[in-house]
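Atom set for the values below is all heavy atoms of this structure, side chains included, hydrogens, waters and symmetry mates excluded. The shown structure was predicted, so the numbers you read here are calculated from the model rather than taken from an experiment.
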Amino acid sequence: MRGPDTDDNPVTIGTAPRTRRQALVKAVWIVIWFAYLTGPVGNLAEGGMSPAREALGWSGLLTFVGVYFVLVFRHMARRQVPAGVIRGAVVLLAALAGLLAWTYGPSWLVLFTFVCVAVAVTQSFRTSRWAIPALTATLVLIGLRYADVRIYLFAYALPCLLSGFAMVGVQHLIRTAQELRAARQEVARLAANEERLRLARDLHDLLGHSLSLITLKSELAGRMLPARPEDAARQIADIEQVSRQALVDVREAVTGYRRPRLAVELAGARAALRTAAITADIDPALEREHPGLAADGESALAWALREAVTNVLRHSGAHRCELLLSEEWAADERRSLCLTVLDDGAGPPRAQHDGNGLSGLRERLGPVGGRLETGPAPHGRGFALRAYVPLGAAAAPGAPAPALDSSPEPVTGPDRDGAVEHGPPSPGAYPAPRHPTRTA
């Protein structure tokens, strides 16, 4: 199944352009509406007017287009512009539209459509709801002085009115999208704070009693010295035992806190592959719970997923990556969970040795009874990594995972990235992609 994050550097609605490409896309969406200006341009190009009148017409039209473009684009780019300057620019556009339409003919009435769009984009709904009908009424009043367009004046007025209120709806959608993004960021921040509070509570519960006991016994041992050294030695021995147990409890708590989860690593892999413009085909089984999968086994699979995706980003030069999860039965009827990561990139180099990253994965999979296999992808192009961990509870055999290669023994490829990264998993844990020369 194709994952949801397969878009290539999208221009997100309601956000300022972050790259030149996004700025160009937004500019094209603005410029494309200038096709409606064929009427005024044709009116000036066909001639039949004095040079001074024609020069004034071109000057007015170019001024109108420049002010409109700068006004709308700077607003879409979220540039800080004083509200008075924006209102002045809108009034200037309305004045130019009325003056040019009154002076040069009915083909210039289309300028009011651009003014309505500018009002909807830059002003609040409280202003737009009366300004757009007022501009439409002004268009109709100016159009009535031209007898040849009175019968189809609605062809000018209706697009003007509808375009203005359509942009009002778009602006409402943009504000809603911004509020949703802000709410999602706030939820993520609150979740992180809650996790910090949970760790703080766990450490308090673990250390509060132990530290109090250590303090009490230390004071007691101090009072026993030097008169009762044997009793003081027993208290000190108790202090040592309590402190060692407290150290073990803290280590267990921190280890559980830092243990990577498969769901968290999957979210990070999606974001990293999307950023690198690599299409992600994600098996729905990766998003489900798996009875019988121990916490240590899930942690090992999460590290394997991070290492595999890191290899794809750094060294594969791939355009597509498949993430699969399936159950397999071994010859001794033991059930295992298999994580398979396939890409269509450069494939394994000819050198047959493990680097630090894959060696580290083998060391992580070994204590949980798992194993690692690497080699060419089954479709003949690319690299494949398969990580196995045993499952506890018995169940019906699942569908077998796709074979890595037709050879009886897996071909072990070198590590394509280096040491396994440590720390809490996140999308930022993945590196920027590098694309070396592919091997034959």
Worksheet entry | Point-to-point distance, once rounded to the nearest 0.5 Å, from CD of Glu328 to CG of Leu391 | 11.0 Å
Worksheet item: Once you round to the nearest 0.5 Å, how far does CZ of Arg145 lie from CG of Leu141?
Response: 12.0 Å
Worksheet entry | Full working for side chain to side chain contact (heavy atoms under 4.5 Å, CB included) between Trp303 and Glu265 | CA-CA 8 Å; Trp303 283 115; Glu265 281 298 331; 5.8 Å; no
Worksheet entry | Between SG on residue Cys116 and CG on residue Leu111, distance to nearest 0.5 Å | 11.5 Å
Fill in: pair Val41-Trp58: side-chain heavy atoms closer than 4.5 Å
yes
Worksheet item: For the atom pair CH2 (Trp108) and OH (Tyr146), what is the distance rounded to the nearest 0.5 Å?
Response: 11.0 Å
Worksheet item: Just by modelled atom types, is the His319 backbone N or O under 3.5 Å from a matching donor or acceptor in the Asp344 side chain?
Response: yes
Worksheet entry | Under the side chain to side chain contact (heavy atoms under 4.5 Å, CB included) test, residues paired with Val140 that sit two or more places apart | Leu144, Leu153, Ala157
Item to complete: State, to 0.1 Å, how close Tyr388 and Leu365 come at their nearest heavy-atom pair, and which atoms those are.
Response: O-CD2, 3.9 Å
Worksheet item: Who are the side chain to side chain contact (heavy atoms under 4.5 Å, CB included) partners of Thr103, not counting sequence neighbours?
Response: Arg53, Leu99
Discussion item. With salt bridge (charged side-chain N to carboxylate O under 4.0 Å, His left out) as the criterion, how do Glu179 and Arg181 come out once you've worked through the C-alpha distance, each side chain's angles and the decisive distance to 0.1 Å?
Written reply: CA-CA 5 Å; Glu179 292 172 358; Arg181 276 193 290 271; over 6 Å; no
Discussion item. Side chain to side chain contact (heavy atoms under 4.5 Å, CB included), that's the test. Do Phe114 and Val67 meet it? Break it down for me.
Written reply: CA-CA 11 Å; Phe114 291 90; Val67 173; over 6 Å; no
Discussion item. As an exercise, state the distance from CD of Gln171 to OG of Ser128, rounded to the nearest 0.5 Å.
Written reply: 8.5 Å
Worksheet item: Around Glu289, counting heavy atoms of other residues, nucleotides and ligands shown, do more than 12 lie under 6.0 Å from its CD?
Response: no
Practice prompt. Please report the closest heavy-atom contact between Leu293 and Val389, naming both atoms and the distance.
Written response: CD1-CG2, 3.8 Å
Worksheet item: At their closest point, which heavy atom of Asp296 faces which heavy atom of Val368, and how far apart are they?
Response: CB-CG1, 3.6 Å
Discussion item. With a 4.5 Å cut-off on side-chain heavy atoms, are Ile142 and Phe112 touching?
Written reply: yes
Discussion item. A quick test of your reading: do over 12 heavy atoms of other residues, nucleotides or ligands sit less than 6.0 Å from CH2 of Trp102?
Written reply: no
Discussion item. Looking at Ile132, is its backbone amide N or carbonyl O close enough to the side chain of Thr136 to form a donor-acceptor pair, meaning the two atoms are under 3.5 Å apart?
Written reply: yes
Worksheet item: At their closest point, which heavy atom of Glu54 faces which heavy atom of Leu44, and how far apart are they?
Response: OE2-O, 3.6 Å
Worksheet item: Nearest heavy-atom pair of Ala118 and Leu71: which atoms, and what distance?
Response: CB-CD2, 4.1 Å
Worksheet item: Above 12 or not: heavy atoms from other molecules or residues under 6.0 Å from CZ of Arg189?
Response: yes
Worksheet item: Would Cys160 and Leu158 count as a side chain to side chain contact (heavy atoms under 4.5 Å, CB included) if you check the C-alpha gap in whole Å, the side-chain angles of each, and the deciding distance to 0.1 Å?
Response: CA-CA 5 Å; Cys160 179; Leu158 190 61; over 6 Å; no
Worksheet item: Can you tell if the side chain of Pro40 reaches within under 4.5 Å of the side chain of Val110, non-hydrogen atoms only?
Response: yes
Practice prompt. Given side chain to side chain contact (heavy atoms under 4.5 Å, CB included), test Leu323 with Asp281 step by step and report yes or no.
Written response: CA-CA 6 Å; Leu323 308 178; Asp281 291 338; over 6 Å; no
Worksheet item: Mind checking whether Pro284 and Ile282 have side chains closer than 4.5 Å, heavy atoms only?
Response: no
Worksheet item: Do you know which of Arg320, Glu322, Arg386 makes side chain to side chain contact (heavy atoms under 4.5 Å, CB included) with Leu342?
Response: Glu322
Practice prompt. Examine distances only and state if a side-chain atom of Asp343 and a backbone atom of Phe383 form a donor-acceptor pair shorter than 3.5 Å.
Written response: yes
Discussion item. Please check: side-chain N/O of Tyr68 versus main-chain N/O of Val117, any donor-acceptor pairing under 3.5 Å?
Written reply: no
Item to complete: Grab the two heavy atoms, one from Gly164 and one from Ala120, that are nearest each other, plus how far apart they are.
Response: O-CB, 3.3 Å
Item to complete: To the nearest 0.5 angstrom, please state how far the CZ atom of Arg364 sits from the CD atom of Glu307.
Response: 9.5 Å
